[in-house]
Amino acid sequence: MAFWKQAAISMVLLAGFAVGFALYSYDSDSIPWISWGTASASTPGNGDGQSAARGRPAPLVVLSEVENATTDDFVKSVGTAQALEKTTLYPEVSGRVEKINVSAGQRVEEGDVVVQLDDYVQRFAVERAHLLVEDAEAQVTRYEALAARETVSDVQLSNAVLELSRAKLDLREAEDALARRAIKAPFSGETGLIDISAGDYVTTETPVTSLDERQTLIVEFRVPERFANQITRGQKMVLSTPALPGLSISGEVSGMDSRIDTASRTMTVQGTVRNDDDLIRPGMSFEVTLSFTGKDYPAVPSLAVQWDREGSYVFKADGNMAERTDVSIISRRNGHVLVSGDIAVGDLVVSEGTNSVRPDQPFRTPDAASTKTDGA
């Protein structure tokens, strides 16, 4: 077959396909050279949700009322627990360990002797000082009696009193030296590991043990700077730790830093937690949650929110017409979305059937469709 015949047949087939597609897909009024004898495109709709252009029914949608909801403003951070009081015990003087009175993890009270160093020399010094004080006191007593009879001069009596004062100072110094041979707990708490043994020679740089008061713990954490003005002393906080899964611990804010860290743009916050059951240990990590007073926003069903290149929006009902309304998403909660925009509590929005709705086009609701069917 000649090429021009093949081309002619192809053009005829393409033209027939185009005409058939147009007849099938478009309204008669959208093709000016085809007339079906139906209503023209300029005929207005009948106001019951029917499409006037093609006689198709308006899309069926479900409307939902806009509700009021309050945001759950909170901040979560990771903190570390530390003892309210903590220290590492060191000897105040050098010496040989004579006795260790506690074991690791034992609770001690303030003033308890944890480690005793050898103190023989110091005890002898205290006894000698006591003797000197007693002798000086007896000398003063004799001089006072003689001075009453004017047997000794006032200068001699004054010297005796001065010697008594010196003897008492020497006694206090000897007692202080003796007391320093005992390493005592400066406050009540639990001891840590003890790395020395009886007979070891220790110096002022030898760590003996740690001491932590953990009945009340401090948890230190950081919060973003935008929450700095909302945190108050005494504010409640909720804590959880991987070491105690499923356990929720209550505490309260006890202090805040006076400035924002310019590197991280955060503020350091401290909170206190009671540890009466002794389940928490210093050094544990915690997830800390602080809650704040929320704000009220309109809430719409999640399915009502749509997106396009211009952002998020909803279809707000204006009678039986759909009005596109741009919104900003604030937060999500329990199947609803809190939004801000030209929308108010009590408005109706399209929550189902949004894909078939177009801006400024009519729609039907199940109630309206049911009413029309009953009337027919």
Open item on the list: As a quick check of understanding, evaluate side-chain contact (heavy atoms from CB on, under 4.5 Å) for Leu63 and Val61, giving each step before the final call.
Closed with: CA-CA 7 Å; Leu63 300 180; Val61 301; 4.2 Å; yes
Task: ILVMFWY network linking Phe227 to Val288, side-chain heavy atoms under 4.5 angstrom - done: yes
Open item on the list: Membership question, hydrophobic clusters at under 4.5 Å side-chain separation (ILVMFWY): are Met284 and Leu217 in the same one?
Closed with: yes
TODO: Quick one: pull up CG in Leu247 and CG in Leu239 and give me the separation to the nearest 0.5 Å.
DONE: 10.0 Å
Task: Close side-chain approach of Val339 to Ile330, heavy-atom, < 4.5 Å - done: no
- [ ] Side-chain contact test, heavy atoms from C-beta onward, threshold under 4.5 Å: evaluate it for Pro186 versus Thr87 and give yes or no.
- [x] yes
- [ ] Evaluate the criterion salt bridge (charged side-chain N to carboxylate O under 4.0 Å, His left out) for residue pair Arg180 and Asp176; output intermediate values, then yes/no.
- [x] CA-CA 6 Å; Arg180 291 176 183 271; Asp176 180 72; 2.8 Å; yes
- [ ] Before giving the answer on side-chain contact (heavy atoms from CB on, under 4.5 Å), spell out for Leu244 and Leu279 the whole-Å C-alpha distance, their side-chain angles and the decisive distance to 0.1 Å.
- [x] CA-CA 8 Å; Leu244 301 170; Leu279 298 176; 4.0 Å; yes
Show me the donor-acceptor pairs, under 3.5 Å and distance only, between side chains in residues 160-171 and residues at least two apart or in other chains.
unit_1, atom_1, unit_2, atom_2, d
Glu163, OE2, Arg166, NH1, 3.1
Ser165, OG, Val161, O, 3.3

- [ ] Could you pull out the closest heavy-atom pair between Val75 and Val223, with the gap in Å?
- [x] CG1-CG1, 4.4 Å
Task: Within residues 123-176 or reaching into it, pairs that qualify as ring pair (Phe, Tyr, Trp, His ring centres under 6.0 Å) - sequence neighbours excluded - done: none
- [ ] May I have the step-by-step check of side-chain contact (heavy atoms from CB on, under 4.5 Å) for Thr88 and Leu211, ending in yes or no?
- [x] CA-CA 6 Å; Thr88 299; Leu211 182 64; over 6 Å; no
Task: Side-chain heavy-atom pair Val62, Thr365 within 4.5 angstrom cut-off - done: no
Open item on the list: Let me check something: do Ile280 and Met237 share a hydrophobic cluster, defined by ILVMFWY side-chain heavy atoms less than 4.5 Å apart, either directly or through other members?
Closed with: yes
Task: Under 3.5 Å donor-acceptor, Asn101 side chain and Val113 backbone - done: yes
Task: Single-linkage hydrophobic cluster Val133~Val140, side-chain heavy atoms < 4.5 angstrom - done: yes
Open item on the list: Are the side chains of Tyr90 and Thr206 in contact, using a 4.5 Å heavy-atom criterion?
Closed with: no
- [ ] Please list all pairs passing the ring pair (Phe, Tyr, Trp, His ring centres under 6.0 Å) test where one or both residues lie in residues 302-330, with sequence neighbours left out.
- [x] Tyr313-Phe315
Task: Lys/Arg N to Asp/Glu carboxylate O, Arg142 vs Glu137, below 4.0 Å - done: no
Open item on the list: How close do Ser250 and Val273 get, counting heavy atoms only, and between which atoms?
Closed with: O-CG1, 3.8 Å
Task: Side chains of Ser64 and Ser351, donor plus acceptor under 3.5 Å - done: yes
Task: Min side-chain heavy-atom separation Pro366-Leu60 under 4.5 Å - done: yes
TODO: Kindly write out the residues that satisfy side chain to side chain contact (heavy atoms under 4.5 Å, CB included) with Glu190, not counting sequence neighbours, or none if the list is empty.
DONE: Arg107, Arg214
TODO: For residues Pro91 and Val208, report the shortest heavy-atom separation together with the two atoms involved.
DONE: CD-CG2, 3.8 Å
Task: Under the side chain to side chain contact (heavy atoms under 4.5 Å, CB included) test, residues paired with Gln235 that sit two or more places apart - done: Ile231, Thr232, Val253, Leu290, Phe292
TODO: Taking atom CG of Asn229 as the centre, report whether more than 12 heavy atoms of other residues, nucleotides or ligands fall under 6.0 Å from it.
DONE: no
TODO: To the nearest 0.5 angstrom, please state how far the CD atom of Glu205 sits from the OG atom of Ser94.
DONE: 9.0 Å
Open item on the list: Check this for me: Arg274, atom CZ, are more than 12 non-hydrogen atoms of other residues, nucleotides or ligands nearer than 6.0 Å?
Closed with: yes
- [ ] Report yes or no: does Asp308 contribute a side-chain atom to a donor-acceptor pair with the main-chain N or O of Gly311 at less than 3.5 Å?
- [x] yes
Open item on the list: For the residue pair Asp342 / Thr325, report whether a side-chain donor-acceptor contact shorter than 3.5 Å exists.
Closed with: no
Task: Name of the residue among Lys99, Arg123, Arg181 meeting salt bridge (Lys or Arg N to Asp or Glu O under 4.0 Å) with Asp118 - done: Arg181
- [ ] Sort and list the pairs that fulfil ring pair (Phe, Tyr, Trp, His ring centres under 6.0 Å) and have at least one residue in residues 59-79, not counting sequence neighbours.
- [x] none
TODO: Indicate yes or no for a side-chain donor-acceptor contact from Thr272 to the backbone of Ser254 under 3.5 Å, with no hydrogens or angles considered.
DONE: no
- [ ] Let me see the working for Thr266 and Asp261 under side-chain hydrogen bond (donor to acceptor under 3.5 Å, both in side chains), right down to the final yes or no.
- [x] CA-CA 5 Å; Thr266 58; Asp261 180 45; 4.6 Å; no
TODO: State, to 0.1 Å, how close Ser77 and Phe221 come at their nearest heavy-atom pair, and which atoms those are.
DONE: OG-CB, 3.7 Å
Open item on the list: Please check this pair: side chain of Ser356 against backbone of Pro59, looking for a donor-acceptor N/O pair closer than 3.5 Å.
Closed with: no
- [ ] Taking atom CG of Asp276 as the centre, report whether more than 12 heavy atoms of other residues, nucleotides or ligands fall under 6.0 Å from it.
- [x] yes
Task: Main-chain N/O of Ala299 paired to Arg333 side chain as donor or acceptor, under 3.5 Å - done: no
Open item on the list: Using 0.5 Å steps for rounding, measure from the CG atom of Leu117 to the CD atom of Gln122.
Closed with: 9.0 Å
TODO: Would you confirm whether Thr191, through its side chain, and Ser103, through its main-chain N or O, come within 3.5 Å as a donor-acceptor pair?
DONE: yes
TODO: Please round to the nearest 0.5 Å and tell me the distance separating atom CZ of Arg332 and atom CG of Leu338.
DONE: 10.5 Å
- [ ] Search all heavy atoms of Pro207 against all heavy atoms of Ile196 and return the closest pair with its distance.
- [x] O-CG2, 4.2 Å
- [ ] Kindly compute the distance separating CZ (Phe187) from CG (Leu84), expressed to the nearest 0.5 Å.
- [x] 9.0 Å
- [ ] First locate atom CG of Asn275, then atom CD1 of Ile249, and finally report the distance between them rounded to the nearest 0.5 Å.
- [x] 8.0 Å
Task: Expected output: side-chain Gln156 to main-chain Ser153 donor-acceptor under 3.5 Å - done: yes
TODO: State, to 0.1 Å, how close Val314 and Ala304 come at their nearest heavy-atom pair, and which atoms those are.
DONE: CG1-O, 3.5 Å
Open item on the list: Taking Val327 as the starting point, is it possible to reach Val349 by hopping between hydrophobic residues whose side chains are less than 4.5 Å apart?
Closed with: yes
Task: Glu110 and Ser188 side chains, donor-acceptor separation under 3.5 Å - done: no
Task: Evaluation steps, side-chain contact (heavy atoms from CB on, under 4.5 Å), between Met267 and Met256 - done: CA-CA 7 Å; Met267 182 179 71; Met256 299 84 69; 4.1 Å; yes
Open item on the list: Can you confirm whether more than 12 heavy atoms, excluding those of Glu252, are under 6.0 Å from its CD atom?
Closed with: yes
- [ ] Under the side-chain hydrogen bond (donor to acceptor under 3.5 Å, both in side chains) rule, what do Gln270 and Glu220 come out as? Steps first, then yes or no, please.
- [x] CA-CA 4 Å; Gln270 288 184 342; Glu220 186 172 290; 2.8 Å; yes
Open item on the list: Between Thr204 (side chain only) and Val93 (backbone N and O only), is there a donor and an acceptor less than 3.5 Å apart?
Closed with: no
